[in-house]
Amino acid sequence: MKTFRLLTIAFLLSGMNAYAQQPKPALQLYSFRAQFAKDVPGTMAKVQGMGIKYVELAGTYGLSVPDFLKMLQKHNLTPIGTGVDFDVLEKNPQQAVDDAKTLGVKYVVCFWIPHKGNEFTIEDVNKAVTVFNKAGKLLKDNGFSFCFHPHGYEFRPYGNGTLFDELAKNLDPRYVNFEMDTYWIKHPGQDPVALLKKYPKRFPLLHVKDRKIGTVGNQNGQTDVETNVVLGTGDVGLPAIMKEAAKIGVEYAIIEDESSRSEAQVPLSIAFLKGIK
């Protein structure tokens, strides 16, 4: 009987893994910044036509917030997240709360920790921990989820690990988690799958982005945006990443394509995501 129970549990667990839900596909609207600068309504219509339902915001492209939100609604696009500057989090975190309420998003994401030139030190980490924990608690108390989006410079060695490990260790997971950008984990020489496995409860969001094969990486947070390629055609290893993301319950896989070819590439990237089982 004991053996039967163990086999039953094993079968159920294997079934759960087999039917792990893929993250919901979304689009970072920054991918179409050039198009939005010329034609907001037309670009919204293009995004809708690609079958996208969820979007991460990057400004309102000259429109008032109410007008921008009306246009999103008209095109059946649901905003799930928005960016916030470190300076706002440090000096006026209530503004981040107010902006998130106005935009109707769930996630608030900081994309950059200020630092001097190419120098990123433990002092920068410690300052970020203080700012993020305080602002993250305020956001959480108001019903929002706060994430930090690494850009590669955080993976410089420190102690027995990296500066990112110091961030993960000292940022309170009740208030601060991470948005993984698959490109910006690969580019500084890290393994995105290994990082998801190491911190399985810290990545509710993914920026899914692929890198041109042969691109030379660095730990400076800098790259040529033209090395952004169609998902599944680069060297980031997205099939394995998406499998792990589904396993650990990542909520959204947000396509971001910063290249000048984004309008042609994004539909192909959407097809790639939808083809993953």
Looking only at heavy atoms, which two atoms of [X] and [Y] are closest? And how far apart?
{"X": "Pro41", "Y": "Asp39", "answer": "CD-OD1, 3.3 Å"}
{"X": "Asp181", "Y": "Glu256", "answer": "OD2-OE1, 3.4 Å"}
{"X": "Glu179", "Y": "Cys147", "answer": "N-CB, 3.9 Å"}
{"X": "Ser262", "Y": "Pro267", "answer": "O-CD, 4.3 Å"}
{"X": "Ile185", "Y": "Met180", "answer": "CG1-CG, 3.5 Å"}
{"X": "Phe120", "Y": "Val125", "answer": "CE2-CG2, 3.7 Å"}

Walk me through it: do Asp224 and Thr227 pass the test side-chain hydrogen bond (donor to acceptor under 3.5 Å, both in side chains)? CA-CA 6 Å; Asp224 178 359; Thr227 60; 5.8 Å; no

Is the shortest side-chain heavy-atom distance between [X] and [Y] below 4.5 Å?
{"X": "Val131", "Y": "Phe86", "answer": "yes"}
{"X": "Ile241", "Y": "Val236", "answer": "yes"}
{"X": "Phe272", "Y": "Val230", "answer": "no"}
{"X": "Ile52", "Y": "Val55", "answer": "yes"}
{"X": "Leu231", "Y": "Leu268", "answer": "no"}
{"X": "Asn177", "Y": "Phe203", "answer": "no"}
{"X": "Val208", "Y": "Leu273", "answer": "yes"}
{"X": "Val193", "Y": "Leu196", "answer": "no"}

Only one of Phe132, Phe146, Tyr199, Phe164 clears ring pair (Phe, Tyr, Trp, His ring centres under 6.0 Å) with Phe178; which? Phe164

If you round to the nearest 0.5 Å, how far is [atom2] of [Y] from [atom1] of [X]?
{"X": "Phe36", "Y": "Ser31", "atom1": "CZ", "atom2": "OG", "value": "9.5 Å"}
{"X": "Asn228", "Y": "Gln265", "atom1": "CG", "atom2": "CD", "value": "7.5 Å"}
{"X": "Leu29", "Y": "Leu77", "atom1": "CG", "atom2": "CG", "value": "7.5 Å"}

Gln94 atom CD: more than 12 heavy-atom contacts under 6.0 Å: yes

Quick one: sort the Trp184 and His187 rings into parallel, tilted or perpendicular, breaks at 30° and 60°.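 It falls in the perpendicular class, over 60°.
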
I'd like to know if the side chain of [X] reaches the main chain of [Y], judged simply by a donor and an acceptor atom lying under 3.5 Å from each other, with no hydrogens or angles considered.
{"X": "Gln35", "Y": "Lys46", "answer": "no"}
{"X": "Asp67", "Y": "Ser64", "answer": "no"}
{"X": "Glu154", "Y": "Gly152", "answer": "yes"}
{"X": "His75", "Y": "Gln73", "answer": "no"}
{"X": "Asn170", "Y": "Leu167", "answer": "no"}
{"X": "Asn218", "Y": "Gln222", "answer": "yes"}

Give the cluster check for [X] versus [Y]: same hydrophobic cluster or not, with ILVMFWY residues linked at side-chain heavy-atom distances below 4.5 Å.
{"X": "Leu139", "Y": "Leu57", "result": "yes"}
{"X": "Leu195", "Y": "Ile254", "result": "no"}
{"X": "Val97", "Y": "Tyr175", "result": "yes"}

Here's one to test your reading of the geometry: is the NZ or CZ of Arg33 within 45 degrees of the ring axis of Tyr30 and under 6.0 Å from its centre? yes

Within 45 degrees of the ring normal and closer than 6.0 Å to the centroid, is that where the cationic atom of Lys24 sits relative to Tyr252? yes

Verdict with supporting geometry, Tyr153 and His151, side-chain contact (heavy atoms from CB on, under 4.5 Å): CA-CA 6 Å; Tyr153 52 82; His151 267 95; 3.8 Å; yes

Any chance the side chains of Tyr183 and Thr223 put a donor and an acceptor closer than 3.5 Å?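 The answer is yes; a qualifying pair exists.
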
Side chains of Gln28 and Asp257: donor-acceptor distance under 3.5 Å anywhere? no

Hey, mind stepping through His149 and Cys110 against side-chain contact (heavy atoms from CB on, under 4.5 Å) and telling me if it holds? CA-CA 6 Å; His149 174 305; Cys110 182; over 6 Å; no

Between the side chains of [Y] and [X], is the shortest nitrogen-to-carboxylate-oxygen separation below 4.0 Å, so that they form an ion pair?
{"X": "Glu90", "Y": "Lys134", "answer": "no"}
{"X": "Glu226", "Y": "Lys212", "answer": "no"}
{"X": "Lys116", "Y": "Glu119", "answer": "no"}
{"X": "Lys137", "Y": "Asp141", "answer": "yes"}

Evaluation steps, side-chain hydrogen bond (donor to acceptor under 3.5 Å, both in side chains), between Asp99 and Thr102: CA-CA 5 Å; Asp99 290 346; Thr102 301; 5.3 Å; no

Verdict with supporting geometry, Glu166 and Val129, side-chain contact (heavy atoms from CB on, under 4.5 Å): CA-CA 9 Å; Glu166 290 299 304; Val129 166; over 6 Å; no

Test Phe155 against Leu163 for side-chain contact (heavy atoms from CB on, under 4.5 Å), laying out the working first. CA-CA 6 Å; Phe155 292 96; Leu163 290 170; over 6 Å; no

Take Asp210 and Lys186, measure what salt bridge (Lys or Arg N to Asp or Glu O under 4.0 Å) needs, and give me the verdict at the end. CA-CA 9 Å; Asp210 216 341; Lys186 175 72 173 181; over 6 Å; no

side-chain hydrogen bond (donor to acceptor under 3.5 Å, both in side chains) evaluation trace for Tyr107 with Thr82: CA-CA 7 Å; Tyr107 290 100; Thr82 188; over 6 Å; no

Given side-chain hydrogen bond (donor to acceptor under 3.5 Å, both in side chains), test Arg156 with Asn220 step by step and report yes or no. CA-CA 9 Å; Arg156 297 173 188 188; Asn220 298 330; 3.2 Å; yes

